[in-house]
Amino acid sequence: MPVVFVAASKLPTPFAQFTMHGFLDEATGREHVVLSLGEIADGAPVLGRLHSECLTGDALFSQRCDCGSQLEAALQAIAREGRGVLLYLRQEGRGIGLLNKIRAYELQDGGADTVEANERLGFAADQRDYAMCLPMLEHLGVKSLRLMTNNPRKVKALTDMGIVVAERVPLHTGHNPHNKLYLATKASKLDHMMGNEHQGEVDRA
Ligand SMILES: Nc1nc2c(ncn2[C@@H]2O[C@H](COP(=O)(O)OP(=O)(O)OP(=O)(O)O)[C@@H](O)[C@H]2O)c(=O)[nH]1
Ligand SMILES: [Zn+2]
């Protein structure tokens with residue numbers, strides 16, 4: 001089932017006035033949003049981010065993760081360039097949903113790490129897929145991205161669907177004592193590139 005474009009509007013923010021594009025994924029019923037700024041369909045690589053929904057981090061100021069800070073940093077970077085896209089993907093809790101994420105947090109409060117908690121609940125460590133991004137990027141005319149992420153799986157998913165990742169731009173922000181173990185587990189078990197290995201350089205795919 002397709003992902004269909006529904007409507008677009010202005011979205012003023014403290015960083016810039018973005019254009020907000022709404023999409024419906026008819027297979028899952030999920031409603032995704034893209035914020036865009038500037039001329040993004042001219043073929044040149046576009047500064048971009050695939051941001052997975054995190055209600056607790058993005059809206060409720062949680063310090064268990066780095067999501068809210070990454071969201072803000074990505075929008076600020078796009079505003080600075082005057083050009084870019086942020087895909088806000090409704091795949092809360094790495095795809096397990098909000099209530100299961102709270103169950104996973106409960107297990108983490110009892111000592112499990114983020115991967116063990118998912119597995120104890122019967123889920124894979126990361127249940128996300130990024131297939132919905134292709135029709136959204138096609139609709140916007142974006143073929144090539146400079147992707148802000150520390151997650152090599154996002155780079156691979158885009159590359160596999162034929163989107164060029166011209167560059168990976170590290171996004172290290174929002175570290176605090178509460179998310180130290182979480183970020184360490186992402187690096188050791190979920191392949192995230194958390195810093196030292198890429199300082200001062202840029203990955204080119
Ligand atoms: N299941 C589960 N999901 C979590 C947990 N903490 C954060 N999330 C979700 O993880 C997603 C964010 O994933 P991250 O691994 O932080 O980062 P990423 O988006 O893969 O990679 P970056 O692009 O580098 O930020 C969001 O959907 C969050 O809701 C957790 O402990 N358990
Ligand atoms: Zn989060």
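It should be emphasised that the depicted structure is a prediction, and the values quoted were computed from it without experimental measurement. Read the numbers this way: they start at 1 and go in the same order the structure lists the ligands and their atoms.
With respect to K143 and E138, no salt bridge is recorded, no charged nitrogen being found less than 4.0 Å from a carboxylate O. Ion pairing between E81 and R146 holds under the 4.0 Å rule for side-chain N and carboxylate O. Between E39 and R83, none of the side-chain N atoms (NZ, or NE/NH1/NH2) sits under 4.0 Å from a carboxylate O, so this pair counts as no salt bridge.
For atom 30 (C) of ligand 1, the closest heavy atom belonging to the protein is T114 OG1, 3.2 Å. Of the protein's non-hydrogen atoms, the one nearest atom 23 (O) of ligand 1 is T149 OG1, 2.5 Å. Nearest non-hydrogen protein atom to atom 19 (O) of ligand 1 is K154 NZ, 2.6 Å. In terms of protein heavy-atom proximity, atom 5 (C) of ligand 1 is closest to R94 NH1, 3.7 Å. Looking only at protein heavy atoms, the nearest one to atom 24 (O) of ligand 1 is N150 N, 2.8 Å. Ranking the protein heavy atoms by distance from atom 8 (N) of ligand 1 puts Y182 OH, 3.8 Å first. Scanning the protein heavy atoms around atom 17 (O) of ligand 1, the nearest turns out to be K186 NZ, 3.4 Å. Among protein heavy atoms, atom 13 (O) of ligand 1 sits closest to R128 NH1, 3.5 Å.
Because its NZ or CZ atom is not both nearer than 6.0 Å to the ring centre of Y182 and within 45° of the ring axis, R64 does not count as a cation-pi partner of that residue.
Side-chain contact between L89 and C133 is present, with at least one heavy-atom pair separated by less than 4.5 Å. Contact check for F18 versus L75: side-chain heavy atoms found under the 4.5 Å cut-off.
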message = Apply side-chain hydrogen bond (donor to acceptor under 3.5 Å, both in side chains) to residues R49 and Q70 and explain how you reach the verdict.
response = CA-CA 10 Å; R49 171 152 179 83; Q70 287 185 315; 3.3 Å; yes
- Residue pair K186, D66: steps toward the salt bridge (charged side-chain N to carboxylate O under 4.0 Å, His left out) verdict: CA-CA 11 Å; K186 286 209 302 191; D66 52 351; 3.5 Å; yes
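With the Zn ion (ligand 2) as the vertex, atom SG of C65 and atom SG of C67 span an angle of 110° (nearest 10 degrees).
Heavy-atom contacts of D66 reach the following atoms of ligand 1: 16 (O) (cutoff under 4.0 Å). Atoms of ligand 1 lying under 4.0 Å from at least one heavy atom of E53, given by number and element, are 26 (C), 27 (O), 28 (C), 29 (O). Per-residue contacts place Q91 under 4.0 angstrom from the following atoms of ligand 1 (heavy atoms of the residue considered): 27 (O).
Only the side chain of N118 comes within 4.0 Å of ligand 1, counting heavy atoms alone; its backbone N, CA, C and O stay farther away. When non-hydrogen atoms are compared, ligand 1 lies under 4.0 Å from the side chain of K101 (C-beta onward) but not from its backbone.
Residue contact annotation: R64 has no non-hydrogen atom under 4.0 Å from ligand 1. Every heavy atom of H51 sits 4.0 Å or more from the atoms of ligand 1. At a 4.0 Å cut-off, at least one heavy atom of Y105 sits close enough to ligand 1 to count as contact. Contact annotation: I96 has at least one heavy atom less than 4.0 Å from an atom of ligand 1.
Considering both main-chain and side-chain atoms, G93 comes within under 3.5 Å of ligand 1 through a nitrogen or oxygen pair.
S62 contributes no side-chain N or O that, together with a main-chain N or O of G57, makes up a donor-acceptor pair within less than 3.5 Å.
In this structure, K189 places its NZ atom where more than 12 heavy-atom neighbours from other residues, nucleotides or ligands lie under 6.0 Å away.
M148 and L190 are members of different hydrophobic clusters when ILVMFWY side chains are connected at heavy-atom separations under 4.5 Å.
Here F23 and H32 keep their ring centres 6.0 angstrom or further from each other.
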